[in-house]
Amino acid sequence: DLRRSVGFVFQFFNLIPRFAARENVELAMSIANVSKNERRKQAEHLLEAVGLKDRMSHKPSELSGGEQQRVAIARALANNPKFLIMDEPTGNIDSKTASEIVELIRKLNEEQGVTIILVTHDARMAANAKRTVQMLDGVIVQEQAN
């Protein structure tokens with residue numbers, strides 16, 4: 001089931017403005033028919049894991065860019081996906097938060113076996129990848145195992 005096997009993190013977060021952080025994370029699970037109690041428990045666990053335990057009831061407009069990105073990551077992980085597709089996950093955040101997100105992504109891959117497919121222009125982020133593919137105008141120009 002695609003709803004459970006793939007998680008997406010968009011460059012511009014795509015959070016629902018009128019929903020609190022926890023509700024944004026719960027939404028992904030409601031689409032996958034997870035019970036209300038389980039949704040709440042999983043959303044709280046994921047938001048705590050991304051460092052937002054005290055921000056669960058905040059709406060996106062009350063969160064920094066880095067916090068919104070972490071909500072988006074928690075939402076993408078809500079259904080325990082095997083694959084996580086990320087579009088510029090550090091593109092709109094400060095370097096300290098970017099480092100934290102790189103570490104979170106590394107842990108997801110190494111500790112939980114999540115396969116990460118990541119699009120980035122950030123050379124520092126790409127340097128952390130096990131494999132990189134460089135593209136120019138839709139054509140692969142370089143491929144390398146790191």
### Query
Just by modelled atom types, is the Gln134 backbone N or O under 3.5 Å from a matching donor or acceptor in the Gln142 side chain?
no
Compare every heavy atom of [Y] with every heavy atom of [X], then report the nearest pair and how far apart it is.
| X | Y | result |
| --- | --- | --- |
| Pro60 | Pro17 | CD-O, 3.5 Å |
| Ala76 | Pro81 | O-CG, 3.4 Å |
| Gln68 | Leu63 | NE2-O, 3.2 Å |
| Ala74 | Val50 | CB-CG2, 4.3 Å |
| Phe13 | Gln69 | CD2-OE1, 3.3 Å |

### Query
Taking only residues two or more places apart in sequence, or in another chain, which ones meet Lys107 in a salt bridge (Lys or Arg N to Asp or Glu O under 4.0 Å)?
none
### Task
State which residues pass salt bridge (Lys or Arg N to Asp or Glu O under 4.0 Å) with Glu67; sequence neighbours excluded, sorted by chain then number.
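Testing Glu67 for salt bridge (Lys or Arg N to Asp or Glu O under 4.0 Å), a comparison that skips the adjacent residues, returns Arg55.
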### Task
Please write out which residues are connected to Val141 in a hydrophobic cluster, directly or through intermediates, given that two of Ile, Leu, Val, Met, Phe, Trp, Tyr count as joined at side-chain heavy-atom separations below 4.5 angstrom.
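Noted: Val141 shares its cluster with Leu136.
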Go through the structure and list residues passing side-chain contact (heavy atoms from CB on, under 4.5 Å) with [X], not counting sequence neighbours.
| X | value |
| --- | --- |
| Val133 | Arg131, Met135, Ile140, Glu143 |
| Ala126 | Thr120, Thr132 |
| Arg40 | Arg22, Glu26, Glu44 |
| His45 | Gln42 |

Spacing of [atom1] belonging to [X] relative to [atom2] belonging to [Y], to within rounding of 0.5 Å:
| X | Y | atom1 | atom2 | answer |
| --- | --- | --- | --- | --- |
| Ile73 | Leu84 | CD1 | CG | 7.5 Å |
| Ile16 | Lys59 | CD1 | NZ | 12.0 Å |
| Arg70 | Leu46 | CZ | CG | 13.5 Å |
| Asn24 | Asn14 | CG | CG | 10.0 Å |
| Glu23 | Leu15 | CD | CG | 12.0 Å |
| Asn79 | Met29 | CG | CE | 6.5 Å |

### Task
Decide whether Phe19 and Ile31 are clustered together by the hydrophobic rule: side chain heavy atoms of Ile, Leu, Val, Met, Phe, Trp, Tyr closer than 4.5 Å, transitively.
yes
### Minimum side-chain heavy-atom gap Glu88-Leu118 below 4.5 Å
no
With [X], which residues qualify under side-chain hydrogen bond (donor to acceptor under 3.5 Å, both in side chains), at least two apart?
| X | value |
| --- | --- |
| Glu110 | Arg106 |
| Asn109 | Lys130 |
| Lys96 | Glu100 |
| Glu62 | none |

### Query
Are Val119 and Met86 close enough, and set up right, to give a side chain to side chain contact (heavy atoms under 4.5 Å, CB included), and what steps lead you there?
CA-CA 6 Å; Val119 175; Met86 307 180 89; over 6 Å; no
